[in-house]
Student: 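Please see the structure below; I have some questions.
The structure presented is a predicted model; accordingly, all values stated were derived computationally and were not measured.
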Amino acid sequence: MNRNFSGLALILSFACFTSSLAVGATVTRQIPSSGTVKIPATTVGVDGLSSPETSPVFSNAPDLADGPTAAGTAGLTGKSGTQSTTSVLARVAKFKINRSIARTQGKGQWTEAVGREAPDRRVQASFDGENSRNQRLASNGNQFSIEPPDQGLCAGNGYVMESLNDVMKVYNRKGVALSGDIALNAFYGYAPAINRQVTPRVFGPSITDPACYFDPDVRRWFHLVLTLDTDPATGAQTGTNHLDLAVSSSADPLGSWTVYKIAVQDDGTQGTPQHANCPCLGDYPHIGADAHGIYLTTNEFPFSGGFNSAQIYAISKKALISGSTSIQVVQLDTADYLLEGNPGFTVWPAVSPAGDFERSNRGTEYLLSSVAVFSNSGNDNRLRVWAIGNTGSLNDAAPALTLLHNVVSVDSYGVPPAIPQKAGSAPLRDCLNDRSMATPAGVGCWNYLTTVLPAVPETLADLDPNDSRMQQVFFTGDRLYGALDTVVNVAGQEQTGIAYYVLNPAVSAGQVGASVTKQGQVALAGNSVTRPAIAALPNGKGVIGFTVAGADHYPSAGYIHFSRDRGHRGETVKIIANGLGPDDEFGAYNAFGTPRSRWGDYGAAAVDGNDIWLGSEYIAHGCTLAQYASLADPVAQFSCNGSRVALTNWATRISRVTP
């Protein structure tokens with residue numbers, strides 16, 4: 001904060017600096033307000049199966065394991081970089097849009113395993129958050145079964161807000177619910193994801209990838225989602241998609257919010273710039289903040305396949321909290337900011353505790369990204385540090401931002417392997433495999449779930465870790481914190497672990513760089529840790545939350561303490577909520593398409609005064625096939641006594657920890 005860059009010149013001398021903006025990389029546009037919204041009254045649906053159970057926008061159809069089933073706009077006649085709907089759909093049939101670009105699994109460094117134990121006395125509160133049942137039955141049951149949940153947790157002013165795919169809830173600091181289970185479609189004022197109460201059924205927009213942030217300086221809440229527009233008659237995607245940013249009017253999240261919709265298809269329509277191979281998906285959005293601005297980032301994937309680059313959207317915080325009828329958005333494209341020919345990928349912006357911003361260079365927002373996904377070996381020993389400078393100009397009529405990037409040498413990390421699950425009761429799997437149960441539609445439990453006899457026996461799937469992309473980023477006490485999934489080698493066994501970094505960044509008008517203050521890799525013998533969420537206080541004490549899974553643990557919520565000077569030395573992994581069964585969801589099984597057992601794309605951590613809130617995914621119940629398929633109460637069939645729904649069984653754990 002207000003530090004002199006030249007004082008760190010020796011530390012940074014290994015790196016090549018890049019300064020100023022690349023030609024054509026910046027677009028500024030005006031975005032009108034879409035009006036105000038408020039958390040609505042909650043309505044809860046009933047148990048059972050309804051068709052369709054999964055959204056047509058995201059399908060597990062073969063060769064399309066994690067992407068839109070239909071996309072495209074008419075394009076601009078005669079313009080390069082745009083395609084007709086017909087040509088986009090033709091190419092979609094040939095490409096799998098899995099929103100990851102990792103080329104291969106990496107090779108793990110030898111890593112010493114840490115011990116495990118129960119939570120320590122520094123846990124101030126811990127309770128179950130939203131789960132797949134809450135999500136599916138919200139909005140009177142007008143929701144789809146969704147994997148993964150994607151944790152968007154934020155906290156402040158005595159409130160905790162949890163936001164998932166596709167449901168949200170507000171609690172007080174003791175874990176007492178202050179709202180019902182609110183569908184994100186309802187919060188943003190959209191039609192339900194699917195209206196099951198009318199014939200024919202009507203589809204609403206598809207919302208995904210929620211993120212949330214409470215800014216302690218301006219005392220406002222910021223909530224972000226990616227919204228994909230759909231055809232109301234079919235649910236197919238139209239090709240247009242936008243970031244919806246909701247800004248609270250006060251420090252009370254239960255009050256009113258102003259919403260701004262930022263188109264991100266980048267095909268030259270709706271005021272977007274025209275990028276190659278678009279229309280595109282503005283995937284994986286996240287929020288950062290400094291003293292002057294709010295920063296949204298996405299990964300831009302053409303619907304026709306491939307990857308363009310990370311996009312950054314910078315907005316004046318002052319304009320946002322004023323509830324202005326129109327805001328100015330500056331879009332920065334990392335396509336011209338290359339490292340060995342590769343653009344930015346998952347360039348995650350930092351957030352900070354109260355008042356703890358980088359004020360050099362008239363305001364600076366730091367961001368971090370990793371690069372192993374581009375490597376043919378699956379490994380790398382570099383991170384990229386980014387800096388948006390002159391952020392004070394966001395309040396000017398013509399903002400003049402700078403974007404700088406550099407590399408930081410770190411210990412080798414790499415794309416991790418899939419995570420084997422501990423064997424256990426998985427009633428959805430067992431139902432698909434059953435050939436003896438009597439049902440109204442014939443012999444075999446599978447008749448409840450599909451009209452086609454499953455061709456192959458289903459097996460418990462390995463969990464899908466992250467691909468070594470950067471996860472949550474924090475800036476505090478003049479240090480930059482980040483963490484990611486990595487492959488580790490424990491006693492000769494390659495498995496998924498966590499790499500974390502404490503960096504000492506510095507910036508001037510034309511240079512950015514960083515040195516490593518501390519780094520470490522967290523691993524458990526016979527088990528994996530995945531989806532880290534890191535946060536720290538200005539004094540350097542911090543916590544990393546994650547999921548624990550493997551031979552000894554069903555997916556469980558865990559965490560570890562660390563500090564900027566000692567790392568996690570002397571610390572053990574704490575299991576704050578033990579999983580009670582394996583992940584048992586539709587995406588893992590052949591009967592529903594190409595198997596891929598999705599696990600949450602990210603967890604969340606939030607600083608709240610001297611405490612840190614953690615939000616992690618885990619499995620909160622166990623259930624047998626007999627309980628799952630019981631006809632004792634037909635209305636509650638497939639609910640396992642009210643603990644899950646037919647196709648999904650994930651849950652979340654929310655905890656408040658003093659570092």
Student: Looking at Asn165 and Asp150, would you say the former's side chain and the latter's main chain have a donor-acceptor pair under 3.5 Å?
Tutor: no
Student: How about Asn172: does its CG atom have over 12 heavy atoms from other parts shown lying under 6.0 Å from it?
Tutor: yes
Student: Which pair of non-hydrogen atoms, one from Asn379 and one from Ser412, has the smallest distance, and what is that distance?
Tutor: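 Closest heavy-atom pair between Asn379 and Ser412: ND2-OG, 3.7 Å.
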Student: Under 4.0 Å between a Lys/Arg side-chain N and an Asp/Glu carboxylate O for Arg566 and Glu571?
Tutor: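 Looking at Arg566 and Glu571, the cut-off is not met.
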Student: Give the intermediate values and the outcome of side-chain contact (heavy atoms from CB on, under 4.5 Å) for residues Gln471 and Ile534.
Tutor: CA-CA 8 Å; Gln471 297 285 266; Ile534 191 170; over 6 Å; no
Student: Quick one: does Gln495's side chain have a donor or acceptor within less than 3.5 Å of a partner on Leu524's backbone?
Tutor: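 Looks like yes, one N/O pair under 3.5 Å.
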Student: Can you tell me how far the OG atom of Ser179 sits from the NZ atom of Lys169, to the nearest 0.5 Å?
Tutor: 6.5 Å
Student: Among Phe301, Phe307, Phe345, Tyr602, whose ring-ring contact (aromatic ring centres under 6.0 Å, His included) with Tyr284 holds?
Tutor: Tyr602
Student: So does Gly600 get a backbone contact from the side chain of Glu617, meaning a donor-acceptor N/O pair under 3.5 Å?
Tutor: yes
Student: Under 6.0 Å from the ring centre and within 45 degrees of the ring axis: does the NZ or CZ of Lys422 meet both conditions for the six-membered ring of Tyr554?
Tutor: yes
Student: Decide whether Ser132 and Arg644 meet the rule of one side-chain donor and one side-chain acceptor closer than 3.5 Å.
Tutor: no
Student: Looking at Ser528 and Thr496, would you say the former's side chain and the latter's main chain have a donor-acceptor pair under 3.5 Å?
Tutor: yes
Student: If every non-hydrogen atom of Ala499 is compared with every non-hydrogen atom of Thr486, which pair is closest and at what distance?
Tutor: N-CG2, 3.8 Å
Student: Would you check if the distance from the ring center of Tyr171 to the ring center of Phe127 is below 6.0 Å?
Tutor: yes
Student: Does a side chain donor of either Asp120 or His561 reach within less than 3.5 Å of an acceptor in the other side chain?
Tutor: yes
Student: Could you check whether any side-chain heavy atom of Val529 comes within less than 4.5 Å of a side-chain heavy atom of Thr547, counting everything from C-beta outward?
Tutor: no
Student: Which heavy atom of Pro555 sits nearest a heavy atom of Tyr618, and at what distance?
Tutor: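 The pair with the smallest heavy-atom distance is O-CB, 3.4 Å.
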Student: Minimum heavy-atom separation for Pro454 and Leu432, please, with both atom names.
Tutor: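 Here Pro454 and Leu432 meet closest at CG-O, 3.6 Å.
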Student: If only atom types and distance count, is the side chain of Asp485 paired as donor or acceptor with the main-chain N or O of Arg531 below 3.5 Å?
Tutor: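 Between the backbone of Arg531 and the side chain of Asp485 there is a qualifying donor-acceptor contact (under 3.5 Å).
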Student: Establish, from distance only, whether the side-chain atoms of Thr517 and Arg479 form a donor-acceptor pair under 3.5 Å.
Tutor: yes
Student: Do the rings of Phe592 and Phe586 sit parallel, tilted or perpendicular, given the 30° and 60° boundaries?
Tutor: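 Rings of Phe592 and Phe586: perpendicular, over 60°.
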Student: Please tell me whether Asp584 and Tyr589 have a donor and an acceptor in their side chains that are separated by less than 3.5 angstrom.
Tutor: yes
Student: List in chain and number order the residues that pass side-chain contact (heavy atoms from CB on, under 4.5 Å) with Val167, two or more places apart in sequence or in another chain; answer none if no residue qualifies.
Tutor: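 Val167 satisfies side-chain contact (heavy atoms from CB on, under 4.5 Å) with Glu130, Gln135, Ala138, Leu164, Asp181 once adjacent residues are dropped.
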Student: Please walk me through it: do Val347 and Arg384 pass side-chain contact (heavy atoms from CB on, under 4.5 Å)?
Tutor: CA-CA 9 Å; Val347 181; Arg384 299 182 73 177; over 6 Å; no
Student: Using a 3.5 Å distance criterion without hydrogens, assess whether the side chain of Glu458 forms a donor-acceptor pair with backbone atoms of Asp430.
Tutor: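 A pair under 3.5 Å: no.
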Student: So do Thr104 and Ser377 actually touch side chain to side chain, heavy atoms under 4.5 Å?
Tutor: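 Result no, sub-4.5 Å side-chain heavy-atom pair not found.
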Student: Within the side chain of Ser369, is there an N or O that forms a donor-acceptor pair under 3.5 Å with the backbone of Thr346?
Tutor: no
Student: With a 3.5 Å cut-off and no angle check, do the side chains of Asp583 and Ser597 form a donor-acceptor pair?
Tutor: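 There is such a pair between these side chains.
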Student: Do Pro56 and Phe144 have side-chain heavy atoms sitting under 4.5 Å apart?
Tutor: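 A side-chain contact under 4.5 Å exists here.
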Student: Could you tell me whether Arg133 and Asp47 make a salt bridge, using a distance below 4.0 angstrom between a side-chain N and a carboxylate O?
Tutor: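 Salt bridge flag = yes for Asp47 with Arg133.
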Student: Less than 3.5 Å apart, any donor N or O on the side chain of Trp599 or Thr530 sitting next to an acceptor on the other?
Tutor: no
Student: Any side-chain to backbone donor/acceptor pair from Arg116 onto Val573? Under 3.5 Å, distance only.
Tutor: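 Checked: no pair found.
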Student: Go through the side-chain N and O atoms of Ser145 and Glu53 and say whether any donor and acceptor fall under 3.5 Å apart.
Tutor: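 The answer is yes; a qualifying pair exists.
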Student: Say whether, by atom type as modelled, one donor and one acceptor occur between the side chain of Ser370 and the main chain of Ser468 under 3.5 angstrom.
Tutor: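 Side chain of Ser370 to backbone of Ser468, a donor-acceptor pair under 3.5 Å: yes, one is there.
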